Amino acid sequence: MYGKPARPVLLVIAHGSRDPRHAATVHALVERVRSLRPGLRVETGFLDFNIPSVHGVLESLAAEGVRDVVALPLLLTRAFHAKADIPAVLRGAPRGLRIRQAEVLGPSPLLLSALERRLYEAGLTPADKSSTGVVLASAGSSDPEAIAVIADIAREWWHTGWCAVRPAFASASLPRTEDAVSELRALGCERVAVAPYVLAPGFLPDRIARGAAEADVLADVLGPAPEVARLLLARYDTAGLPARAALGA
């Protein structure tokens, strides 16, 4: 009698940062994912700055005899890291590993729910929506596809009842957070809130926070919000594994 085949290991791939808060937040998110699905093995690898590296985790898994891995980019938009960096690292995985790269996290209604959670935790209430302008502040990207996605998310979020929602970027693109705050003031919104569309603290989130100096409310990063953990599992489930190896065979 044959037992059930082992579920693919979920490998969460984070960017990494010199800021120790980044790795701590990533690990907190991964722990929440594990708590939601106790039978699933979840590992974490970093592209840069932190250990273990993605390649190191893949080598360890291969040495253990693991066969199937779902590699999930801990990214909110499909930009350079998702299109180039991560596929390159996965192509260098040990032979014998069957790896499927899952989709990035965004866009998703779960992320909008997580953004609102963070705003309410920062002091807003649902009754404040119609009189509050929100800056959707992302890290920024030179990839026009990623920038367009942020603008689309801002428009979609505005339609849920906020006074106005404006995208802003901490790097590579404009406007900056402080400029979007000023624009919302000029529009006549009763209050202005900044919602960082970032997963973990670091250099660019700190820049967003400085740009929010004139805002009434600054929400926390998404971090280990329950909605984000559920989204990771949804991306894992959707990725599955093809009949033959997608990478590394």
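Please read these numbers as outputs of a predicted model, since none were measured by experiment. Hydrogens, waters and symmetry mates are skipped; everything else that's a heavy atom, side chains included, is used.
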Determine, step by step, whether E103 and R78 satisfy the salt bridge (Lys or Arg N to Asp or Glu O under 4.0 Å) criterion, reporting the C-alpha distance in whole Å, the side-chain angles of both residues, the deciding distance to 0.1 Å, and the verdict. CA-CA 8 Å; E103 290 297 325; R78 182 172 158 74; 5.1 Å; no
Within the structure provided, determine whether [X] and [Y] are in side-chain contact (heavy-atom separation under 4.5 Å).
| X | Y | value |
| --- | --- | --- |
| L105 | L75 | no |
| R41 | V66 | yes |
| V54 | L47 | yes |
| I150 | S138 | yes |
| L74 | L29 | yes |
| P224 | E31 | no |
| L111 | E227 | no |

Non-hydrogen atoms of [X] and [Y] that approach each other most closely:
| X | Y | result |
| --- | --- | --- |
| I99 | A71 | CG2-CB, 4.0 Å |
| A172 | G140 | CB-C, 4.4 Å |
| L232 | L72 | O-CD1, 3.2 Å |

Do the rings of F46 and H27 sit parallel, tilted or perpendicular, given the 30° and 60° boundaries? perpendicular
Going by the side-chain contact (heavy atoms from CB on, under 4.5 Å) test, name the single residue among L218, V181, V165 that passes it with V135. V181
Out of curiosity, does L119 fall in the hydrophobic cluster containing L76 (side-chain heavy atoms, cut-off under 4.5 Å, transitive links)? yes
